[in-house]
Amino acid sequence: MAETATRPDGQPERRRANRAALNLSATMRDGSRSKARVRVIDISTHGCRIECTTPVSDESCVWLAIAGLETQYCRVVWHCEEFIGLEFEKPLAYAVLEKLLKDNAQLTEKAVGDLRSIATRTHWLARQANDDHIHILAELSRQCAEDAVIEGFRLAKPKR
């Protein structure tokens with residue numbers, strides 16, 4: 001029998017696809033508001049996690065524009081501080097996601113540093129958070145720290 005993954009708060013994991021670390025600039029538009037700059041932290045075929053200072057409400061819908069992809073209509077699944085989880089209305093084709101990841105395969109030293117900064121900030125926020133947000137922030141901190149280590153090793157690996 002297959003074991004179901006659980007989140008840090010003990011709830012079952014609902015994610016349908018694995019996420020890949022990224023550090024991409026994008027824009028988000030919430031209804032009639034003007035565009036806001038956001039940073040895509042990670043992405044999967046079904047959604048992504050972004051960093052954005054524009055406030056949004058859970059269950060609201062936004063347009064997300066990432067270079068190299070069609071503009072995506074998304075539902076805000078969660079938001080916590082400046083971090084937002086989005087679900088794409090229409091999942092990305094696997095080949096489209098693979099091309100985006102291939103085109104952005106090597107994170108820069110700055111991007112790795114940004115992941116470390118997000119990990120540190122979300123760790124601090126998790127320590128201040130209420131019960132509703134602590135697991136979201138702790139998981140984001142853990143994932144960004146892990147991605148920063150992995151990508152840092154890739155940068156340090158000598159080219160052949």
Side-chain angles (χ1 to χ4, degrees), residues 2-28 36-60 62 64-69 72 74-88 91-92 94 96-157:
E3 195 171 311
T4 305
T6 57
R7 299 185 327 205
D9 65 350
Q11 297 295 314
E13 180 61 66
R14 297 184 319 232
R15 188 162 293 111
R16 292 175 277 190
N18 291 329
R19 291 181 173 175
L22 281 178
N23 187 1
L24 295 177
S25 294
T27 58
M28 179 186 77
R37 289 180 171 261
V38 302
R39 179 171 33 177
V40 179
I41 300 169
D42 60 31
I43 194 167
S44 74
T45 54
H46 286 78
C48 63
R49 214 168 2 200
I50 63 172
E51 181 179 20
C52 175
T53 56
T54 301
V56 296
S57 302
D58 287 352
E59 301 300 321
S60 63
V62 299
L64 181 69
I66 302 171
L69 293 181
Q72 299 296 310
C74 309
R75 179 176 66 92
V76 175
V77 179
W78 60 266
H79 76 283
C80 187
E81 300 292 337
E82 66 266 27
F83 303 100
I84 302 169
L86 299 175
E87 178 181 42
F88 301 140
L92 298 177
Y94 185 74
V96 171
L97 177 62
E98 283 297 307
K99 181 175 181 344
L100 179 69
L101 294 175
K102 183 179 177 194
D103 292 348
N104 297 279
Q106 186 69 44
L107 293 184
T108 63
E109 284 187 42
K110 181 187 179 318
V112 172
D114 288 346
L115 283 171
R116 287 187 189 112
S117 294
I118 293 169
T120 300
R121 173 143 172 75
T122 52
H123 177 77
W124 181 84
L125 288 169
R127 295 182 70 192
Q128 319 299 318
N130 62 31
D131 290 344
D132 293 339
H133 292 153
I134 192 167
H135 74 275
I136 293 170
L137 292 165
E139 174 59 18
L140 181 55
S141 176
R142 183 199 64 75
Q143 187 64 53
C144 287
E146 185 178 294
D147 291 342
V149 169
I150 291 167
E151 296 300 327
F153 279 134
R154 284 187 185 151
L155 279 175
K157 188 176 178 180

Under the criterion side-chain contact (heavy atoms from CB on, under 4.5 Å), I'd like the reasoning laid out for D42 against L22: C-alpha separation, chi angles, the key distance, then a yes or no. CA-CA 5 Å; D42 60 31; L22 281 178; 5.8 Å; no
Closest approach of [X] to [Y] (non-hydrogen atoms, all atoms of both residues):
X: N104; Y: L100; value: ND2-O, 2.8 Å
X: T54; Y: A36; value: OG1-CB, 3.1 Å
X: A20; Y: L101; value: CB-CD2, 3.6 Å
X: D147; Y: A21; value: OD2-CB, 3.3 Å
X: S44; Y: F88; value: O-CE1, 3.5 Å
X: L137; Y: A129; value: CD1-CB, 3.8 Å

Set of residues satisfying side chain to side chain contact (heavy atoms under 4.5 Å, CB included) with respect to R37, sequence neighbours excluded: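 By the side chain to side chain contact (heavy atoms under 4.5 Å, CB included) rule, R37 matches no residue at all.
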My understanding is that only residues two or more places apart in sequence, or in another chain, count here; which of them pass side chain to side chain contact (heavy atoms under 4.5 Å, CB included) with A145? A119
Among L92, I84, I41, L86, exactly one meets side chain to side chain contact (heavy atoms under 4.5 Å, CB included) together with C48. Which residue is that?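 Among the candidates, only L86 passes.
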Testing L125, I118, V38, T122 for side chain to side chain contact (heavy atoms under 4.5 Å, CB included) with E82, which one passes?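 That would be L125; it is the only one of L125, I118, V38, T122 passing the side chain to side chain contact (heavy atoms under 4.5 Å, CB included) with E82.
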What's the separation between atom [atom1] in [X] and atom [atom2] in [Y], rounded to the nearest 0.5 Å?
X: R121; Y: F83; atom1: CZ; atom2: CZ; result: 6.0 Å
X: H46; Y: E87; atom1: NE2; atom2: CD; result: 7.5 Å
X: R75; Y: D58; atom1: CZ; atom2: CG; result: 9.0 Å
X: R49; Y: H79; atom1: CZ; atom2: NE2; result: 15.5 Å

[X] (side chain) donor-acceptor with [Y] (main chain) under 3.5 angstrom:
X: N130; Y: H133; result: yes
X: N23; Y: R39; result: no
X: T120; Y: R116; result: yes

Enclosure of Q128 CD (heavy-atom neighbours >12, cutoff 6.0 Å): yes
